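First up is the structure itself, then whatever we jot down about it.
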Amino acid sequence: MQHYADHYIGGTWRPATGPDTIEVIDPATEQPLAAVPAGTRADVDAAVAAARAAAPGWAATTREERLAALTRLRDGLVAHRAEIATTVTAELGTPIGFADAVQAGTPIAVATAYLDVLASYDFEEKVGNSTVYSEPAGVVAAVTPWNYPLHLIVAKVVPALAAGCTVVLKPSEETPLVARLFARIVDGADLPPGVFNMVTGLGTVVGAALADHPGIDLVSFTGSTAVGRAIGESAGRGIKRVALELGGKSANVVLPGADLARAVNVNIANVFANTGQTCTAWTRLLVHRDQYEEALALAATAAAKYTPGDPADPATRLGPLVSARQRERVRGYITGAVEGGARLVAGGPEQPEGLERGYYVRPTVLADVDPDSAAAQEEIFGPVLVVLPYRDEAHALEIANGTEYGLAGAVWAADDETAAAFARRMDTGQVDINGGRFNPLAPFGGYKNSGVGRELGRYGLEEFLQTKSLQF
Ligand code: NAD
């Protein structure tokens, strides 16, 4: 087991100021993997001071200099792809195939997309007698969760640096090892000291210290709605800009005339990916009541192919959840739904057979769930799909829009036009039409309690810019 005792500050690994550490547990074996320092306010002060000191120099770099530095960073991600995947599998439990394709592959795709955005972005615009300049927003605090640990780091750090901002990162305490690997990759990319800094530790200590730190200009947060609210309040008091990417309870709406079997199969793959720990997961499948039993049978057949197992085995499609706490939470939702009258179409709250150790949960499909109940309204963040019947399109829209969230969703219909017309009426930030693919340049973010601000593409870069107008 590795014991780390440093943070990445000012271009070097600097000893932590406090004695406390956080153990990182392998969720498949329940064994400790490593310990990292639990940062203190003094560590945060040092990191913010380093970022502030580096800010004027980095803001003054040319587009070409930033492109060169970020290309080296992206190339470092490519060179470390295998290590990224095995690290995420070890600390998060993501099955290795998905870890390589998505946990490592998506950050590379996103970093590459930002290079394209930076190469062509107009930082200067003429508006009448004014010239409007897009300038860096300043020193950024990036606070990230554990479910796509590297993707969510890259989706903040790369556009912030591209915009000319400097950064202090606070990664999740559940997945600090891939964050340390990222810091090593940044170190190898030869950025000026202090442009990127990282302090590991608890959200309530390091995250909270960053959110109300006078040396921070912008807080970019991804995580739960509850913590997002606290960060928004704190940042608001300091008149800091804030971007919040929060939870979801996304609906997959299958309209009559759609390819039901395909829609259900893709939904099962979507909701069990990363063991259901995906903010955009389609956790509610909405089908017409005449097709309800057919959809349930299709879902049960598809779910049976997801046997939980060792995430390091390339044949495994469903790994453990990240932690014992998360497993108990997910089981609690399944038990609560069944007690409330829901029908178990697949899975259940018991530990999967043959897996005595590890934070595993059975892939679960629930029918006859009250649309107002917790299982249909709250983010479960585990391999649990709720299938809901609707009477007609208006009813489907009412159910789809009937939660506090609005992050993602999907619509399937006989043709794209019909599906798109329905999608336009959904209160949500992203909708996939008849199985549309992920686009790393499309703006990503939430309506309602799923957040404020957008990541990815041009919109993601602009989160880290502020404008100045000169009148002539
Ligand atoms: P979380 O809110 O518990 O933690 C997120 C981060 O915030 C962690 O680094 C944590 O240490 C920190 N934090 C915790 N309390 C804090 C405080 N008081 N002040 C400052 N920072 C604090 O979320 P999580 O459990 O790590 O992640 C799961 C959640 O993230 C889910 O709700 C999921 O939907 C959401 N998520 C959203 C997106 C998106 O893009 N919208 C993407 C991934 C995950």
Side-chain angles (χ1 to χ4, degrees), residues 9 39-52 54-55 58-59 134-146 152-173 179 194-248 279 404-407 429 443-456 459-468:
I9 297 174
T40 61
R41 199 165 262 274
D43 296 322
V44 170
D45 287 343
V48 173
R52 282 227 84 82
W58 187 247
S134 291
E135 300 187 340
V139 178
V140 170
V143 180
T144 55
W146 44 263
L152 295 162
I153 288 171
V154 165
K156 297 183 185 318
V157 173
V158 170
L161 298 181
C165 297
T166 59
V167 178
V168 179
L169 167 67
K170 201 304 272 182
S172 170
E173 49 271 55
V195 165
F196 169 80
N197 310 273
M198 181 183 77
V199 177
T200 54
L202 296 174
T204 46
V205 179
V206 177
L210 283 168
D212 71 8
H213 201 290
I216 294 291
D217 300 300
L218 185 157
V219 185
S220 179
F221 170 78
T222 297
S224 60
T225 295
V227 174
R229 199 168 267 128
I231 288 189
E233 279 174 16
S234 173
R237 274 195 300 278
I239 321 291
K240 296 183 197 338
R241 282 173 58 186
V242 67
L244 304 171
E245 296 286 348
L246 309 176
C279 55
E404 65 169 308
Y405 295 113
L407 187 59
F444 176 91
Y447 279 32
K448 302 195 286 187
N449 285 358
S450 289
V452 291
R454 292 292 178 269
E455 291 192 327
L456 305 186
Y459 300 82
L461 180 69
E462 286 172 350
E463 287 289 330
F464 298 100
L465 294 169
Q466 57 187 340
T467 54
K468 178 183 287 171

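This structure is a prediction, so every number in the text was calculated from the model and none was measured.
Between the OG atom of S234 and the CZ atom of R229 there is a distance of 15.0 Å, given to the nearest 0.5 Å. The distance from atom CG of L210 to atom CZ of F221, rounded to the nearest 0.5 Å, is 12.0 Å. One finds the NZ atom of K240 at 14.0 Å from the OG atom of S220 (value rounded to the nearest 0.5 Å). Remark: I231 CD1 to D212 CG distance equals 10.5 Å, nearest 0.5 Å. Interatomic distance, L456 CG to Y459 OH, rounded to the nearest 0.5 Å: 12.0 Å.
Pairing each heavy atom of I9 with each of A47, the nearest pair is CG2-CA, 3.8 Å. Of all the heavy atoms in S450 and G248, the pair that sits closest is OG-CA, 4.1 Å. Residues A160 and V167 come closest through the heavy atom pair CB-CG2, 3.7 Å. Here the closest non-hydrogen pair linking G228 and L246 is CA-CD2, 3.8 Å. Taking all atoms of both residues into account, the shortest heavy-atom contact from V205 to G39 is CG1-O, 3.6 Å. Nearest approach of A243 to E463, heavy atoms of both residues: CB-OE1, 3.7 Å.
Here the side chains of T144 and L169 are in contact, with some heavy-atom distance below 4.5 Å. Residues V48 and I216 are in side-chain contact: their nearest non-hydrogen atoms beyond the backbone lie under 4.5 Å apart. Side-chain contact check for L161 versus V195: some heavy-atom pair is nearer than 4.5 Å. Contact of the R41 side chain with the V199 side chain is not registered, since no non-hydrogen atoms from C-beta on lie closer than 4.5 Å. Side-chain contact between M198 and P171 is present, with at least one heavy-atom pair separated by less than 4.5 Å. Proximity of D45 to H213: side-chain heavy atoms (C-beta onward) are separated by under 4.5 Å at one or more points.
For E245 (side chain) and G223 (main-chain N/O), no donor-acceptor pair under 3.5 Å exists by modelled atom type. The main-chain N or O of A141 is never found under 3.5 Å from a side-chain atom of K170 such that the two would form a donor-acceptor pair. Judged by distance alone, the side chain of S134 and the main-chain N or O of L465 form no donor-acceptor pair under 3.5 Å.
By the 4.0 Å N-to-carboxylate-O rule, R52 lies close enough to D217 to be salt-bridged with it. Of the charged side-chain nitrogens involved, at least one lies within less than 4.0 Å of a carboxylate oxygen, so that K156 and E455 count as a salt-bridged pair.
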Apply side-chain contact (heavy atoms from CB on, under 4.5 Å) to the pair E173 and V206, showing each step before the final yes or no. CA-CA 10 Å; E173 49 271 55; V206 177; over 6 Å; no

